[in-house]
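As structure tokens, the structure follows; a few thoughts come after it.
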Amino acid sequence: MTVTAPAELGLRERKRLATRRAIQHAVLTLASEQGLENVTVEEVSRRAEVSPRTFFNYFGTKEEALIGDIPLIPDGDALHAFLTAGPATDVLTDLGELLARTVGDADEDVEIHHLRKDVLRDHPHLLGARIASMRGFEEGLYKVVERRVLNDDPTLAEDAEALFDRCWMVTMVGFAGLRHAWRCWADAPTPGSLAERIRRSFAELYTTVQKLR
């Protein structure tokens with residue numbers, strides 16, 4: 001998943017993303033067809049129509065290509081908007097918008113998502129590596145949430161325990177909203193835009209929280 005929405009991408013970046021997707025699709029398809037242990041970088045490169053040198057420009061190993069990308073929290077305008085939205089707006093709603101802008105538009109990755117799910121199910125050690133990489137994303141998300149919460153309420157800087165508790169609660173609820181969006185998007189008959197699915201999931205999350213009050 002990418003930081004920048006496709007509408008904002010230049011030709012070079014679109015080609016780079018297309019190559020990454022082609023390599024991941026190739027390794028996942030070959031692993032599904034003949035078992036990962038029988039797949040070579042040379043075969044992956046041929047299937048993706050790139051050279052082995054190009055493969056290694058993107059991924060260090062076939063396992064790395066199989067595990068795939070994780071979300072990257074955007075910097076620039078999207079991050080600034082989240083951090084400075086202020087206490088007058090709901091932090092979870094703002095977090096949903098930040099995450100929607102994080103994934104950009106991954107509509108064409110649905111097939112890759114299902115291929116990866118099937119292959120990782122057969123290779124638990126790689127599933128563990130995928131989960132570990134997502135934990136790294138979760139830690140990064142916590143740090144961003146912490147900055148926002150401190151901007152909203154600077155007095156929390158004096159209470160480390162309260163700050164920790166609040167930030168992890170927001171982070172984990174936000175991560176649950178993201179997982180909900182991914183599941184609904186991937187399993188939909190016509191998936192559409194993942195970014196819009198994230199916005200819908202966070203709107204549903206906000207409505208649910210309001211009803212519980």
Is a side-chain donor or acceptor of [X] paired with a backbone partner of [Y] at a separation under 3.5 angstrom?
{"X": "Trp185", "Y": "Gly192", "answer": "yes"}
{"X": "Arg130", "Y": "Leu120", "answer": "no"}
{"X": "Glu43", "Y": "Thr40", "answer": "yes"}
{"X": "Arg116", "Y": "Leu28", "answer": "no"}
{"X": "His180", "Y": "Ile198", "answer": "no"}
{"X": "Thr54", "Y": "Val50", "answer": "no"}
{"X": "Lys62", "Y": "Ala31", "answer": "no"}
{"X": "Asn151", "Y": "Leu83", "answer": "yes"}

Near [X] [atom1], under 6.0 Å, is it more than 12 heavy atoms from other residues, nucleotides or ligands?
{"X": "Arg147", "atom1": "CZ", "result": "no"}
{"X": "Asp77", "atom1": "CG", "result": "no"}
{"X": "Glu42", "atom1": "CD", "result": "yes"}
{"X": "His80", "atom1": "NE2", "result": "no"}

Out of curiosity, [X] [atom1] to [Y] [atom2], how far, rounded to the nearest 0.5 Å?
{"X": "Leu95", "Y": "Arg148", "atom1": "CG", "atom2": "CZ", "answer": "9.0 Å"}
{"X": "Leu17", "Y": "Lys15", "atom1": "CG", "atom2": "NZ", "answer": "13.0 Å"}
{"X": "Thr19", "Y": "Asn57", "atom1": "OG1", "atom2": "CG", "answer": "10.0 Å"}
{"X": "Leu98", "Y": "Leu178", "atom1": "CG", "atom2": "CG", "answer": "10.5 Å"}
{"X": "Phe137", "Y": "Asp69", "atom1": "CZ", "atom2": "CG", "answer": "12.5 Å"}
{"X": "Leu141", "Y": "Leu99", "atom1": "CG", "atom2": "CG", "answer": "5.5 Å"}

Task: Leu36 and Val119: CA distance, side-chain angles, deciding distance, side-chain contact (heavy atoms from CB on, under 4.5 Å) verdict - done: CA-CA 8 Å; Leu36 181 62; Val119 173; 5.5 Å; no
Open item on the list: Can you confirm whether His25 sits close enough to Arg20 that some side-chain heavy atom of one is under 4.5 Å from a side-chain heavy atom of the other?
Closed with: no
TODO: Would you mind reporting whether Leu92 and Tyr206 have side-chain heavy atoms less than 4.5 Å apart?
DONE: no
Open item on the list: Evaluate Leu194 against Trp182 for side-chain contact (heavy atoms from CB on, under 4.5 Å), listing each step before the verdict.
Closed with: CA-CA 7 Å; Leu194 176 57; Trp182 265 99; 3.6 Å; yes
Task: Contacts of Arg121 that satisfy side chain to side chain donor-acceptor pair (under 3.5 Å) - sequence neighbours left out - done: Asp118
Task: Check against side-chain hydrogen bond (donor to acceptor under 3.5 Å, both in side chains), Ser201 and Arg197 - done: CA-CA 6 Å; Ser201 289; Arg197 178 62 254 188; 3.1 Å; yes
Open item on the list: Looking at Glu33 and Arg47, is there a salt bridge between them, counting it only when a charged N and a carboxylate O are closer than 4.0 Å?
Closed with: yes
Task: Lys/Arg-Asp/Glu bridge criterion (N-O < 4.0 Å) met for Arg135, Glu138 - done: no
What are the two closest heavy atoms between [X] and [Y], and how far apart are they?
{"X": "Tyr142", "Y": "Leu163", "value": "OH-O, 4.5 Å"}
{"X": "Phe82", "Y": "Val91", "value": "CE1-O, 3.9 Å"}
{"X": "Asp94", "Y": "Ala85", "value": "OD2-CB, 3.3 Å"}
{"X": "Ala157", "Y": "Leu150", "value": "N-CD2, 3.6 Å"}
{"X": "Tyr58", "Y": "Glu64", "value": "O-OE2, 4.1 Å"}
{"X": "Ala162", "Y": "Leu156", "value": "CB-CD2, 4.0 Å"}

Listed pairs under 3.5 Å, donor-acceptor, residues 164-174 side chains, sequence neighbours left out:
{"from": "Thr171", "atom 1": "OG1", "to": "Cys167", "atom 2": "O", "distance (Å)": "2.7"}

- [ ] Begin from the C-alpha positions of Arg199 and Glu196 and carry the test salt bridge (Lys or Arg N to Asp or Glu O under 4.0 Å) through to its verdict.
- [x] CA-CA 5 Å; Arg199 293 184 178 101; Glu196 288 306 313; 2.5 Å; yes
Task: Pair Arg21-Ile112, side-chain contact (heavy atoms from CB on, under 4.5 Å): steps then yes or no - done: CA-CA 8 Å; Arg21 289 189 179 108; Ile112 288 179; 4.2 Å; yes
Task: Derivation of the side-chain contact (heavy atoms from CB on, under 4.5 Å) call for Phe59 and Ile23 - done: CA-CA 9 Å; Phe59 299 101; Ile23 292 172; 3.7 Å; yes
TODO: Just jot down the salt bridge (charged side-chain N to carboxylate O under 4.0 Å, His left out) partners of Arg200, sequence neighbours excluded, or say none.
DONE: none
